[in-house]
Protein chains: 2
Amino acid sequence: MLLLHHLQIKNENNNKKQPKPLPHSHLNHYYCTMSELITYIQSYFGVVQEKDVELIASLFKKTSIKKGEYFLKSGKNSNQLSFIQEGLLRIFVATEDKEITQWISTKGYFVTDLSSFVFQTPSRWNIQALSDTELYTINRDDYTKIGQLIPAWHELEKLFIVRCFIILEDRIFSHLSMTAEERYQFFFAHNKELFNQVPLQYIASMLGMTPETFSRIRKKQLS
Amino acid sequence: MLLLHHLQIKNENNNKKQPKPLPHSHLNHYYCTMSELITYIQSYFGVVQEKDVELIASLFKKTSIKKGEYFLKSGKNSNQLSFIQEGLLRIFVATEDKEITQWISTKGYFVTDLSSFVFQTPSRWNIQALSDTELYTINRDDYTKIGQLIPAWHELEKLFIVRCFIILEDRIFSHLSMTAEERYQFFFAHNKELFNQVPLQYIASMLGMTPETFSRIRKKQLS
DNA sequence: CTAATTTCTTGATATTTATCAAGAGCCAAT
DNA sequence: ATTGGCTCTTGATAAATATCAAGAAATTAG
């Protein structure tokens, strides 16, 4: 029941066909959303088996963390994958002298350290709540069960991760081909809402510039 | 037979166990090597089934392309995945005024536009041979067969792609946290050989700097 | 081997971005 | 409402990197 609201099941697309990728959205996704996932599941299985969706949904438990608390600390193993129902999480690395924000995950996205979750290695990132956050969380053992119970799951999962891979390729490309100002503009065009919700210094870091540079570019854009 | 030389099958590790990730090698891989793949297959299946390896190997056909020829042109769909037996391929984007090199794939690596290969969308990259290159190539239909014939293949494939994902995460992080000089040093430390093999301007582009900046940093390092 | 072409280096200069420092604005807790 | 602590802005300056132009070195083609 938990997730059915988000799952948006529609019994269309009766034939099993190759999933289409979403429009190629440079830079504006990272971890992927539940509705994206479901679009995949639908197009992949044809009709989503109601019982399978129920099964998957039942394995996610509602959890929450308060602003400032950590979802994951670097060095720890990640044993959970969460869907953000409401709230914001910042993924960052603390170096000697400063923090580098790798990404900010918002409502509707999945979050985990994929590396740590999959391979059970120490997490490279800290993940901290920027606001009180509600999650639907599945632990690693339960997640493994999905693969055992739904034969085509791994194939689907692969497609999902490839999409994330592509998004990262694009993000690298943005650093090879765009100036700080261009990265700002692009990101702003696709993520306006975020600018009112989180400290701008984190967005600056995520885009690879200092808060001062960010502030100056921002001023220029507003005028 | 084709690939058995590379596959380096060893009938050790008799129990099926969780594959360990390779040491976390920031920035120095992108597409992954056959031996890495096989390490995975081995640890994943426990003992590699000789017949399965034969099967996989038999689907790869030896092909070659001459220096300057294209393995893939942007806009075309990628229908092949290749293992580089010998040679060098440059993955790049041609913009109005310049070319941006996204990566250089060397002997021992797989190469394709993953996005295009998996989703059959137009390739975003050009892939061109920097030298006469020998490949073992599998087409998309045959690749699909592997998944049909070896049930655990998709799970394994997922792990492989997650590894590639992690490498990209690190590469992004290098742009958020390192200067051009630091990126040069890091890359040089891990890829010395490449500096004698390809035009340095391509490495410069790949690291996100101009050839002039690259040249000056290089001079500084040598002295 | 030689000429043509491409690649690399170097210098001068411009632009972009970072750093440091100070103050202003904004929130949140008392 | 007031205080304290963040966060953001702004200015002055420094450092990093890009651009443009020319020539040197290396490579390739004939």
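Naming convention: chains lettered A, B, ... in sequence-line order (proteins, then strands); numbering from 1 in each chain. Values below: all heavy atoms of this structure, side chains included; hydrogens, waters and symmetry mates excluded.
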Novice: Identify, with sequence neighbours excluded, every residue that meets salt bridge (charged side-chain N to carboxylate O under 4.0 Å, His left out) alongside B:Lys98.
Specialist: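 None.
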
Novice: From NE2 of B:His175 over to P of C:dT17, roughly how many Å is that when rounded to an integer?
Specialist: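 My rounded result for the distance is 14 Å.
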
Novice: Among B:Thr121, B:Thr112, B:Asp113, whose side chain to side chain donor-acceptor pair (under 3.5 Å) with B:Ser78 holds?
Specialist: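 Exactly one pass, corresponding to B:Thr112.
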
Novice: Taking the side chain as every heavy atom from C-beta outward, state whether B:Leu89 and B:Ile65 have any atom pair closer than 4.5 Å.
Specialist: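 Yes. Closest side-chain heavy atoms under 4.5 Å.
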
Novice: Each nucleotide in nucleotides 3-10 of chain C should get exactly one letter: B, S or -. Can you fill that in based on protein heavy atoms under 4.0 Å?
Specialist: ----SSBB

Novice: Tell me: CG of B:Leu207 to P of D:dA16, nearest whole Å?
Specialist: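 For the pair B:Leu207 CG and D:dA16 P, the rounded distance is 18 Å.
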
Novice: Could you state the CE-C1' distance from B:Met209 to D:dT19, rounded to the nearest angstrom?
Specialist: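 Taking CE of B:Met209 and C1' of D:dT19, I get 16 Å after rounding.
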
Novice: Rounded to whole angstrom units, what separation is found between the CG atom of A:Asp132 and the C1' atom of C:dA28?
Specialist: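 After rounding, the reported distance stands at 14 Å.
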
Novice: Counting only non-hydrogen atoms, which of residues 66-74 of chain A are less than 4.0 Å from DNA chain D?
Specialist: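 Close to the strand, none.
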
Novice: CG of B:Leu130 versus P of D:dT27: gap in Å, rounded?
Specialist: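 Rounded to the whole Å, the gap is 15 Å.
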
Novice: Would a 4.5 Å heavy-atom cut-off, applied to side chains only, mark B:Ile166 and A:Arg124 as touching?
Specialist: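 Result yes, sub-4.5 Å side-chain heavy-atom pair found.
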
Novice: Could you note down all residue pairs passing salt bridge (charged side-chain N to carboxylate O under 4.0 Å, His left out) where residues 211-223 of chain A supplies at least one of them, sequence neighbours left out?
Specialist: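 Non-adjacent pairs meeting salt bridge (charged side-chain N to carboxylate O under 4.0 Å, His left out): A:Glu181-A:Lys220.
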
Novice: What's the angle between the local helix axes at either end of the helix from C:dC1-D:dG30 to C:dT30-D:dA1, using five pairs per end and rounding to 10 degrees?
Specialist: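 Comparing the axis at each end, I get an angle of 50°.
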
Novice: Does B:Glu69 have any salt bridge (charged side-chain N to carboxylate O under 4.0 Å, His left out) partners at least two apart in sequence or in another chain, and if so, which?
Specialist: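 Expected list: none.
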
Novice: Whole angstroms only, please: what is the CG-P distance between A:Asp97 and C:dA18?
Specialist: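 Answer to the nearest Å: 14 Å.
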
Novice: Would you call the rings of B:Phe110 and B:Phe60 parallel, tilted or perpendicular, where under 30° means parallel and over 60° means perpendicular?
Specialist: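 The arrangement is tilted - the two ring planes meet at 30° to 60°.
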
Novice: Rounded to the nearest 0.5 Å, how far does OG1 of A:Thr101 lie from CG of A:Asn126?
Specialist: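 One gets 10.0 Å once the value is rounded to the nearest 0.5 Å.
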
Novice: In terms of ring plane angle, is the pair B:Phe214 and B:Phe195 parallel, tilted or perpendicular, where the classes change at 30° and 60°?
Specialist: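 Correct class here is parallel.
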
Novice: Is the charged tip of B:Lys192 near the ring of B:Phe188: under 6.0 Å from the six-membered ring centre and within 45° of its axis?
Specialist: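 Yes, B:Lys192 lies over the aromatic ring of B:Phe188.
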
Novice: Relative to each other, are the rings of B:Tyr143 and B:Trp153 parallel, tilted or perpendicular (30° and 60° limits)?
Specialist: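 Answer is perpendicular, since the angle exceeds 60°.
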
Novice: Could you state the CD-C1' distance from A:Gln221 to D:dC8, rounded to the nearest angstrom?
Specialist: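 Rounding to the nearest Å, CD of A:Gln221 and C1' of D:dC8 are 17 Å apart.
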
Novice: Using whole Å, report how far CD of B:Glu181 lies from C1' of C:dA18.
Specialist: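 B:Glu181 atom CD is separated from C:dA18 atom C1' by 15 Å.
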
